[in-house]
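Let me begin by presenting the structure, written as structure tokens, before commenting on it.
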Amino acid sequence: GQATLDLYEQLYLTAALRNDGSSSYSANNRRSWFPKASVAWEFTKALGQGSAVTYGKLRVAYGEAGQEPSPYLTSSTYQSNVPLSGITQGTGNLPVQNGLPGLATSIVKGADDLRPERSKEFEGGIDLGLIRDKADLSFTYYHTVTDDVILLQPVAPSTGFFRNASNAAKFRNAGAEVSLNIRPITSTNFAWDIGLQWGKNKSRVLDLGGSEFVVFDPNSTTPQAVAQLGEEVGVFRDFGFVRCGVSANGQDAVIQGVDLATVCAGQPTGALYLDADGLPVGDDAPRIIGNPNPDWTGSVRTGFRFHRFSLSGLLDIRHGGDIYNGTRGALWSYGTHKDTELRGTQVVLGRDAAPGIAPGPTVGPGAGVATTLDENYFRNVVACPFTGISESCIEDGGFVKLREISVGYTLDYPWVQRALGFSSIDLRLAGRNLVTWTDYEGYDPETNLGGAIQASRGIDYFLMPQSRSFLLSVTLNR
């Protein structure tokens, strides 16, 4: 049910209580209650309009919502596509063989008790109409805490399973969104409008029910997208190179006969340790090696109208966010990536740019020592899918995309009505995903191996880019 109250045509109050249900929860948790409330005040009706601010509204809201889990998490199921052994180069043993059907138990044990994920969100903001509606500005801040997050936690293999779904986590999301729309020209025959949007979101893992980290996709091995205490949701956890301030200190802690604390004394955090041959050394302790979440996102759109012609465009922007470029690492190993044309080149790692290892401070006996970009380097040092060290394939996934350009023309002549019986006909030609500006070395920084159904993102392994498309549309208006 929902109740609303309007006071003096400027103060608006809303309260609601919703009861939702789903069969994907356990039998004793099929239905739950979710409240919400909001207050909005159009303060310009009380304070009066000015020449700069013609409309103003303050708003505050609180609400709770539930997230429905994937089906069958409360049941122990049989599947035909469960790998019975490790997958190598896209091949592995499945229950279905030579066209003969087969089933195997799922690696996920059916949950005995599964409750809804409950998100509690506070939101506040302001909406302004500016300069006699020549522009409008909107700002929103939100803070969300989600309890009872459903994750697949590891269980002892002796149970016959590897994972068990449970309400084990608590996440926090906080961020802000800003939008500005400007209409510099609005006349009968000519109009121009500009829209700017910006948003920033930061998540944090607050609790994992006693675990340090939980892997989102148990079938993914390199790198693993995880929820780890104190980190953002979905960060990459895997192996990297030995680095100062990142790898463990102490005699023999990571390298036999080496005390990293002594070698790294006075050196910046992240300095790369190089062995006597001038090559990096792998760290046996897994750690956070990347974060696929962007620092911020934004968009810029604009539209022109001149008589019956119209033209519009949209730019999408993502700043920051890492991507694991496993395709590049595999092609390094195969010797087919363009980078491998550098074979035989002498470089000093840290000083010179080299595939998979960016310039930066170095320590160790190999600092300043020249090494050769040869088969050993491309196959055994930076070929991340096969060496077990994913750090060399982590890249910046930021981009600017020309998302769409469209051109339109409206036929609203008298003969259209007389001859065809329509008041007008709109013709539109549009192109999508036309150009991408990015430092990412792969095809497309928006691809993702996990697809839309998995929580992991930012993993690229022999994926196709988003398609460039063109659309011609005809709209008949009565």
Side-chain angles (χ1 to χ4, degrees), residues 172 202-206 208 211-215 222-295 319-325 329 347-371 377 380-384 387-398 439 458-459:
R172 182 186 70 220
K202 285 294 181 183
S203 62
R204 191 70 62 199
V205 179
L206 304 179
L208 288 173
S211 300
E212 178 190 358
F213 68 93
V214 173
V215 179
T222 304
Q224 292 180 323
V226 302
Q228 180 161 321
L229 279 176
E231 300 286 346
E232 288 197 64
V233 178
V235 294
F236 296 144
R237 179 185 171 90
D238 213 331
F239 298 99
F241 296 121
V242 174
R243 292 184 178 272
C244 296
V246 178
S247 302
N249 290 321
Q251 186 72 26
D252 303 329
V254 289
I255 303 173
Q256 191 68 28
V258 174
D259 182 355
L260 201 60
T262 302
V263 175
C264 292
Q267 298 296 323
T269 298
L272 180 65
Y273 180 92
L274 298 178
D275 215 347
D277 57 3
L279 294 174
V281 178
D283 190 342
D284 291 336
R287 63 175 188 254
I288 302 302
I289 62 169
N291 183 356
N293 299 294
D295 298 327
H319 184 268
D322 296 324
I323 294 184
Y324 169 77
N325 191 348
V347 298
V348 175
L349 296 182
R351 185 195 70 186
D352 304 323
I357 300 177
T362 58
V363 299
V369 174
T371 189
Y377 179 85
N380 301 320
V381 178
V382 294
C384 52
T387 62
I389 299 175
S390 296
E391 177 184 327
S392 57
C393 290
I394 301 298
E395 300 183 25
D396 180 11
D439 292 331
I459 298 177

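Nothing fancy with the numbering, it's 1 onward along the sequence. Model, not experiment: these values are computed from the prediction.
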Anything under 3.5 Å between a donor and an acceptor, one on a side chain of residues 248-261, the other on a protein residue two or more places apart or in another chain? List them.
residue: Asn249; atom: OD1; partner: Ala261; partner atom: N; Å: 3.4
residue: Gln251; atom: NE2; partner: Gly257; partner atom: O; Å: 3.4
residue: Asp252; atom: OD1; partner: Gly257; partner atom: N; Å: 2.5
residue: Asp259; atom: OD1; partner: Gly250; partner atom: N; Å: 3.2
residue: Asp259; atom: OD1; partner: Ala261; partner atom: N; Å: 3.1
residue: Asp259; atom: OD2; partner: Thr262; partner atom: OG1; Å: 3.3

If we only count heavy atoms from C-beta on, is the [X] to [Y] side-chain gap below 4.5 Å?
X	Y	value
Ile394	Ile323	no
Tyr273	Pro280	no
Thr371	Val347	yes
Leu349	Leu274	yes
Pro292	Phe236	yes
Leu206	Arg172	yes
Val246	Thr269	yes
Tyr324	Ile289	no

[X] side chain vs [Y] backbone, donor-acceptor pair below 3.5 Å:
X	Y	value
Ser211	Phe213	no
Ser392	Val382	yes
Thr362	Ala367	no
Arg237	Ile288	no

Could you tell me which non-hydrogen atom of [X] sits nearest to which non-hydrogen atom of [Y], and how far apart they are?
X	Y	answer
Pro268	Cys244	O-CB, 3.8 Å
Ser390	Asp238	OG-OD2, 2.9 Å
Gln228	Val205	O-CB, 3.3 Å
Ala271	Val363	CB-CG1, 4.1 Å
Asn293	Val233	ND2-O, 2.9 Å

Derivation and outcome, side-chain contact (heavy atoms from CB on, under 4.5 Å), residues Leu272 and Ile357: CA-CA 10 Å; Leu272 180 65; Ile357 300 177; 3.9 Å; yes
Short N-O contact, Glu232 and Lys202, less than 4.0 angstrom: yes
Note: Arg243-Glu391 ion pair, threshold 4.0 Å (strictly below):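 A salt bridge is present here (some side-chain N lies under 4.0 Å from a carboxylate O).
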CG-CD distance between Asn325 and Glu395, expressed to the nearest 0.5 angstrom: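 So the CG of Asn325 and the CD of Glu395 are separated by 4.5 Å.
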Residue pairs fulfilling salt bridge (Lys or Arg N to Asp or Glu O under 4.0 Å) with at least one residue in residues 261-286, sequence neighbours excluded: Asp283-Arg287
Step-by-step side-chain contact (heavy atoms from CB on, under 4.5 Å) determination, Ile389 to Phe241: CA-CA 7 Å; Ile389 299 175; Phe241 296 121; 3.9 Å; yes
